[in-house]
Amino acid sequence: ACRSYKIKNIMSRVIGIKFEDKIRNFARINVPYSNVIGLARSILALGTLLTLFFNPIENLLIKKTNGEFVLQALLNDDFITVINFFLIFGADNIIIGKWLAILILLAVISGYYQKITSILHWWICISFFHASTIIDGGDQIAANLALLLIPICLFDNRKNHWNKKVESDSVLNLISLFFLYLMHLQMAVIYLHAAVGKFSHNEWSNGTALYYWLNHSYFGLPEYLNFFNVFLSNPYFVTIFTYGSLILEIGLFLALMAGKKYKITLLFLAIFFHFIILLFMGIFSFFFSITAGLIIYLFPTNINIKKLCLKN
């Protein structure tokens, strides 16, 4: 009985060691310390940077009537308002916060000091989302992704996020992978909600939503695309592309469990789809945020971009 117990004990240890080795090896191979994450971070930062750079501060963050703030969020005493990045120099000096944010976002794009810039990037994104008067879904996505990227950047020991991947056997790789998969889940849920949320609306269920959206008084076609109304008068065109949008969004949700080739094909389709939305509807910052999320979600983050292109 004693010998049997010893044998079982030895076997359990061996199995435990083999299982641990498999986990460590899986984490070492799949950990996302590559320039793919660098590209996604840079695109994410670029969207917020361009929004800040090309818009006057009065349009972005505050509107004044008789010298008083209209946006009540800036007057609250909640935690996010107290730590709001754009208010660190006071409400009368928001312009300083704007230009400092632009400099930090440029540092994010450069790839250096990512352990520090990742935290500052999230601080800017959550502050902008909380205080801005012109936010869209892209600003919320940017804040969420910037937050989930922090642990990955903290445990990434490369000097620059554009550098080649450096493999290591650190147990911290598992934490980075956990947050990577959280971002995958975040993107999958975005597309699931985008598709399923439309089913209850008659315009989507009967295939006419494209016509109404592109003729919307605010989100509709810009003047330089008025010629497109010829296509909108064709019911077959409208129906195909209305249902096609739903099919693509469902496909992007299902990509959570898909293979690499399917994911890369969907990546290019999805980026093209969102670029068309940018051209037709002008949702600018959303394009950059969703593109960054799609790269993290669908592109292999454990392989450097150049290496992957050479393999293909």
Side-chain angles (χ1 to χ4, degrees), residues 32 34-44 46-47 136-138 140-142 144-145 180-199 201 203-205 207-214 219-222 225 228 231-232 234 236-312:
S34 69
N35 54 22
V36 176
I37 289 292
L39 176 62
R41 286 189 71 221
S42 298
I43 293 173
L44 195 65
L46 182 62
D136 60 32
Q140 186 172 10
I141 293 171
N144 289 350
L145 292 180
L180 174 68
Y181 294 145
L182 274 184
M183 285 188 280
H184 288 188
L185 183 61
Q186 163 82 88
M187 295 302 298
V189 169
I190 285 173
Y191 283 106
L192 177 64
H193 182 268
V196 174
K198 294 181 175 75
F199 293 162
H201 297 277
E203 294 83 3
W204 284 100
S205 60
T208 60
L210 182 69
Y211 175 85
Y212 291 109
W213 271 113
L214 295 183
F219 291 106
L221 289 173
L225 289 175
F228 201 78
F231 299 99
L232 293 180
N234 186 317
Y236 296 103
F237 178 89
V238 171
T239 301
I240 289 170
F241 281 91
T242 297
Y243 288 143
S245 300
L246 293 172
I247 292 169
L248 178 59
E249 287 170 345
I250 293 170
L252 286 165
F253 162 68
L254 294 175
L256 185 65
M257 300 165 283
K260 186 175 75 174
K261 288 186 177 180
Y262 177 75
K263 284 184 176 181
I264 291 178
T265 301
L266 268 181
L267 172 64
F268 290 109
L269 282 174
I271 291 176
F272 177 74
F273 171 70
H274 287 293
F275 182 70
I276 294 298
I277 292 175
L278 169 64
L279 288 179
F280 281 49
M281 302 178 69
I283 307 177
F284 186 82
S285 60
F286 181 81
F287 172 74
F288 287 92
S289 298
I290 202 71
T291 298
L294 283 166
I295 290 171
I296 293 170
Y297 179 38
L298 298 175
F299 205 85
T301 52
N302 63 328
I303 303 175
N304 293 305
I305 295 171
K306 186 175 180 181
K307 183 177 179 181
L308 183 65
C309 292
L310 289 174
K311 284 178 72 176
N312 292 337

With Q186, which residues qualify under side-chain hydrogen bond (donor to acceptor under 3.5 Å, both in side chains), at least two apart? N144
With respect to V36, which candidate in N304, I305, I296, I303 satisfies the side chain to side chain contact (heavy atoms under 4.5 Å, CB included) definition? I305
How far apart are the closest heavy atoms of G293 and L145, and which atoms are they? CA-CD1, 3.7 Å
For residues G138 and S289, report the shortest heavy-atom separation together with the two atoms involved. O-OG, 2.8 Å
Would you find a donor on one side and an acceptor on the other, under 3.5 Å apart, between the side chain of Y297 and the backbone of L256? yes
Run the side chain to side chain contact (heavy atoms under 4.5 Å, CB included) test against F287 and tell me which residues pass, sequence neighbours left out. I271, H274, F275, L278, T291
Shortest non-hydrogen separation from P222 to L279 and the atoms involved: CG-O, 3.8 Å
How long is the straight-line distance from NZ of K260 back to CZ of F299, given to the nearest 0.5 Å? 9.0 Å
For I190 and L252, run side-chain contact (heavy atoms from CB on, under 4.5 Å): C-alpha distance rounded to whole Å, both residues' side-chain angles, the deciding distance at 0.1 Å, then the answer. CA-CA 9 Å; I190 285 173; L252 286 165; over 6 Å; no
Check: T242 side chain, L210 main-chain N or O, donor-acceptor pair, under 3.5 Å: yes
Minimum heavy-atom distance between I264 and P300, given as atom pair plus value: CD1-CD, 4.3 Å
What's the separation between atom OG in S285 and atom CG in L44, rounded to the nearest 0.5 Å? 10.5 Å
Smallest separation among heavy atoms of S245 and F273, with atom names: OG-CE1, 3.6 Å
Going from OG1 on T208 to CG on L232, what distance comes out if it is rounded to the nearest 0.5 angstrom? 11.5 Å
N302: what forms a side-chain hydrogen bond (donor to acceptor under 3.5 Å, both in side chains) with it, not counting sequence neighbours? none
Mind running side-chain contact (heavy atoms from CB on, under 4.5 Å) on Y212 and W204 for me, showing each step along the way? CA-CA 10 Å; Y212 291 109; W204 284 100; over 6 Å; no
Side chain of Y243, backbone of S205: donor and acceptor closer than 3.5 Å? yes
With sequence neighbours excluded, what pairs up with H184 under the side-chain hydrogen bond (donor to acceptor under 3.5 Å, both in side chains) test? none
Would you check if the distance from the ring center of F231 to the ring center of F241 is below 6.0 Å? no
Pair I290-M187, side-chain contact (heavy atoms from CB on, under 4.5 Å): steps then yes or no: CA-CA 9 Å; I290 202 71; M187 295 302 298; 3.7 Å; yes
side-chain contact (heavy atoms from CB on, under 4.5 Å) for I141 and F286? Distances and angles first, verdict last. CA-CA 8 Å; I141 293 171; F286 181 81; 3.8 Å; yes
Taking atom CD1 of I295 and atom CG of L39, what is their separation to the nearest 0.5 Å? 4.0 Å
What closest approach, in Å, do M281 and W213 show between heavy atoms, and which atom pair accounts for it? CE-CE3, 3.7 Å
Apply side chain to side chain contact (heavy atoms under 4.5 Å, CB included) to Y262 and list each qualifying residue two or more places apart in sequence or on a separate chain. A255, A258, L266
Across all chains, not counting sequence neighbours, the side chain to side chain contact (heavy atoms under 4.5 Å, CB included) partners of Y236 are N234
